[in-house]
Every structure is written in C-alpha cells, then in structure tokens.
Visitor: 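The structure under discussion is supplied below as structure tokens; questions concerning it will follow.
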Amino acid sequence: MAIKKIIAGAAIAAAAAIAAPQPQACSLVAYQGDSTLVIVGRSLDWKTPIPTNLYVYPRGMAKVGNTTAGAVKWTSRYGSVYAVSYDGGITEGMNEKGLCVNGLFCKGTVYVNDSTAGRPDMSLAVFVAWILDRNATTAEAVAELKKQEFTVAGATFDGGTVSTLHWAITDASGDCAVFEFDNGNIKIYDNSSVRVLTNDPPYPQMTAINNYWKGIGGVNMLPGTVKSPDRFVRASFFEQNVEKSGDASVALPVVRSILMNVSVPYLYEVNGEPNVSSTQWRSFANLRDRQYYFDVVTHLGVVYVDLAKCDLRPGAPVMKLDMTKTADAVGCANSLMHKSKPFTPMY
C-alpha cells in the first residue's frame, strides 16, 4: 500500500528538572523508495540535550500502562527497539514486523474529557510500547486506537512539563496514519498523500498551509524559517521531488539530507516560540531491513541497531545501548549493547 501520510513533531517531554514547559519541536519524513523500502526519518528538537538511550525488548513480556489500580495490561507479541528519553519515557520505536511509531509535539493536544474518566490508565511513558508490542501493521494499530479503551495519564513530568503530542504510525508496506487527541477524542488521518508533518497547527490545518505553498511552487520559492509550518512545507516539497530508490545505501542519505534541511541549528532557539528548539538527535527507521539508525548531533557518527539480528525470543534479556558511550562509534552497534534491567517508566 502506498505511503499515505507522515508526520513530524517532537518527543516525550520528560524535561530536565524545571517547572515550566520548555520549547520543543521536531520534523518527520516517511520516504518510500519502492514497493519494498520505507525509511522513516525524524529529528527531535529541544532547548537542552535530551539523554536518550536505545533499548531492545523481546517478545512475551508482561507490561502495565501505569501503577494505578485497573491500569491497561498487556503481553508483548513482538520484540522492539525503543528510544527512551531520560531512561523514563519512550519517544519512538520500531518493532520486528517493521511497524514504527513516533511521538511529536503538538501544543493544542487535550488528552481527556468527561467520557474518558474511569477508563484504564495509559501513561505516555509506555504508550508507544503498547502500540508496537501488540500490532504488526498500521491498520491493526488504527483499529485498536479507534476503540480508545484507555485514558491518558502521565501527561506532565518534572513538576509540570507538559507532554502534548501527536503521533505518526508507519508500517513496512508504507501505510501511514497520523493521530491526534482533540479534546479527549482520538482523531485519525490516514487518507492523505502528504508524507510529512511537524508540530502545530494540527494536521488538517497544516495540510491546508502546505496546499497554499504547492500553488506557489517549491522550485520558485520555499519558506525558509525554522517555524513548524515552514519546516513542514520544505520537507513535503523535497520528499515529493527527490529520486526514489529501493537501494537503502541511496535512500538513507536521501532521507538524512531532507532531515538536515529541516533541522534547527544546534544551540539556536527563538524566545517565546514553543515550536522551535535546536535539533538534538535524528533517527532513521529502515522498515524493510529492520535497522534503526540514531544520530546524536554532538556525536561524530551515526550508529544503528540491526533488530533482525537481535534475540527477541521470549525470555531473552533486555538489551541497552548507552548512547553516552557511542560518541566515536559508527555503524552497527549491536556488539555495543549490554544486558540491562527494563527502564523504569516515569508513570
């Protein structure tokens, strides 16, 4: 199925020991090289560095959505690699079936309403895992989300930092969906040809802005600031106009170059603009080959976890890639991973 849409945005806002919400932003591009190759690239932007480590979890693990009574419970059907910020909340990840979920900042998000009260709790710290652990395709994940049999908990961290997010889901076939919480109700968008998104405004308004710029024509002019709508328009134009290749050695540099174009320069910020912060890291999920690349802007090279070569059998240990120890590393980092306890969610 052809890629239907994509996203861009920002990460789990488990901020670093401050009481007020901080600026955050991000950009996401879903590139379909041919009928077999899909690469999802995203940048994560934040005012300060976000310590993020990679964890590989096997199948068959019992998990909970919160420590509250009656919280959501499940057992993982699929093994996954998670990007875990502050070792406390999953920002994004990819499972062994090639399903990818990315969380992105959207300041207008409202998770709950009167009708969601009393439903089982689902913390944002493990929400991405709940989707990846139980679904092989975008269609399966969308069907589960439409039930909305949970209420979001843990929407703030560190004394009040607000995690207002929307999400992109992409599978190995290229089928994509964006979903947002609109006054407590999940809105799902899965019928668009747009393959990128950033932050605010919400997805429908963002596509309207992009349609305006399509009329101008990107060859003639593209908006050049680091604001969310401008990044969306640039990413959309380049994603639709670059060469499409089924060769991962070609496609990966293409996606990286688009993400570089819409990244925010390191240590740059705009005071009073919540959708603008400097890029801290970028990720690239090759959904065909099950390879998850991670690019910390202060590191010399890009490393990746080859999920196809990880032990994902029930009972296998959790493995961790400590990104503080990879500053000089380049390429496959499976050998740098070590056995680890599961991370402790910031419920």
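All of these numbers come straight from a predicted model, not from anything done at the bench.
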Visitor: Examine the side chains of Asn185 and Asp182 and answer whether a donor and an acceptor come within less than 3.5 Å of each other.
Guide: no
Visitor: What are the two closest heavy atoms between Ile169 and Ala141, and how far apart are they?
Guide: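 Minimum heavy-atom separation between Ile169 and Ala141: CD1-CB, 4.0 Å.
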Visitor: Where is the tightest heavy-atom contact between Pro345 and Ala125, given as atom of each residue plus distance?
Guide: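 Looking at all heavy atoms of both residues, the closest pair is CB-CB, 4.1 Å.
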Visitor: Does a sphere of radius 6.0 Å around CG in Asp114 hold more than 12 heavy atoms from other residues, nucleotides or ligands, not counting ones at 6.0 Å or beyond?
Guide: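 No, because the 6.0 Å sphere around CG of Asp114 holds 12 heavy atoms or fewer from other groups.
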Visitor: Hey, is Glu239 close enough to Arg234 for a salt bridge, meaning N to O under 4.0 Å?
Guide: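 Result for this pair is no, no salt bridge flagged.
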Visitor: Give the minimum heavy-atom separation between Ala172 and Val38, together with the two atoms involved.
Guide: O-CG2, 3.7 Å
Visitor: Which of parallel (below 30°), tilted (30 to 60°) and perpendicular (above 60°) describes Tyr111 and Trp167?
Guide: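 Correct class here is tilted.
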Visitor: Please check if any side-chain donor atom of Thr116 sits under 3.5 Å from a side-chain acceptor atom of Gln148, or the reverse.
Guide: no
Visitor: As a test of understanding, state which of Arg290, Arg77, Arg59 forms a salt bridge (charged side-chain N to carboxylate O under 4.0 Å, His left out) with Glu96.
Guide: Arg59
Visitor: Keeping the roles fixed (side chain from Ser43, backbone from Ser27), state whether a donor-acceptor pair exists under 3.5 Å.
Guide: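 Yes; at least one donor-acceptor contact below 3.5 Å.
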Visitor: Flag the pair Tyr293 / Tyr304 as yes when their ring centroid distance falls below 6.0 Å, and as no otherwise.
Guide: yes
Visitor: Does any part of the side chain of Ile188, heavy atoms only, come nearer than 4.5 Å to the side chain of Glu180, both counted from C-beta?
Guide: no
Visitor: Does any donor atom in the side chain of Ser123 or Asn66 lie under 3.5 Å from an acceptor atom in the other side chain?
Guide: no
Visitor: Measure the CG-NZ distance between Asn53 and Lys320 for me, rounded to the nearest 0.5 Å.
Guide: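 Reported value, rounded in 0.5 Å steps: 4.5 Å.
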Visitor: Mind checking whether Phe127 and Phe150 have ring centres under 6.0 Å apart?
Guide: yes
Visitor: How many angstroms lie between atom CG of Asp200 and atom CZ of Phe105, to the nearest 0.5 angstrom?
Guide: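 Taking CG in Asp200 and CZ in Phe105, the distance rounds to 6.0 Å.
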Visitor: Does any donor atom in the side chain of Asn199 or Arg231 lie under 3.5 Å from an acceptor atom in the other side chain?
Guide: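 Distance-only check passes for Asn199 and Arg231.
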Visitor: Measure across Pro201 and Pro229 and return the closest heavy-atom pair with its distance rounded to 0.1 Å.
Guide: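 Smallest heavy-atom distance, with atoms named: CD-CG, 4.2 Å.
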Visitor: Between CG of Leu287 and NZ of Lys97, what distance do you get to the nearest 0.5 Å?
Guide: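 Rounded to the nearest 0.5 Å, the CG-NZ separation comes out at 14.0 Å.
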Visitor: Evaluate the ring planes of Tyr57 and Tyr82, with Trp represented by its six-membered ring, and classify them as parallel (under 30°), tilted (30 to 60°) or perpendicular (over 60°).
Guide: tilted
Visitor: Give a yes-or-no answer on whether the side chains of Ser173 and Asp171 include a donor-acceptor pair shorter than 3.5 Å.
Guide: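 A donor-acceptor contact under 3.5 Å links the two side chains.
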Visitor: May I ask you to check whether Phe343 and Tyr55 place their ring centres under 6.0 Å from each other?
Guide: yes
Visitor: Among residues at least two apart in sequence or on other chains, which ones pass salt bridge (Lys or Arg N to Asp or Glu O under 4.0 Å) with Glu144?
Guide: Arg134, Lys147
Visitor: NZ of Lys244: more than 12 outside heavy atoms within 6.0 angstrom?
Guide: yes
Visitor: Atom CG in Leu312, atom CE in Met319: separation rounded to 0.5 Å?
Guide: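 Result: 11.0 Å between the selected atoms.
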Visitor: So is Lys187 actually on top of Tyr203's ring, under 6.0 Å and inside 45° of the axis?
Guide: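 Not satisfied by the 6.0 Å and 45° rule.
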Visitor: Could you check whether Asp133 pairs with Lys63 (Lys NZ or Arg NE/NH1/NH2 to Asp/Glu carboxylate O, under 4.0 Å)?
Guide: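 Lys63 and Asp133: salt-bridged.
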Visitor: Examine distances only and state if a side-chain atom of Thr279 and a backbone atom of Val264 form a donor-acceptor pair shorter than 3.5 Å.
Guide: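 Pair found, side chain donor or acceptor close to backbone of Val264.
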Visitor: Look at Glu149 together with Arg119 and state whether they make a salt bridge at an N to O cut-off of under 4.0 Å.
Guide: no
Visitor: Any idea which heavy atoms bring Gly103 and Arg42 closest together, and the distance?
Guide: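 Closest heavy-atom pair between Gly103 and Arg42: O-NH2, 2.8 Å.
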Visitor: Nearest 0.5 Å please: distance from the CD atom of Gln280 over to the OG atom of Ser263.
Guide: 11.0 Å
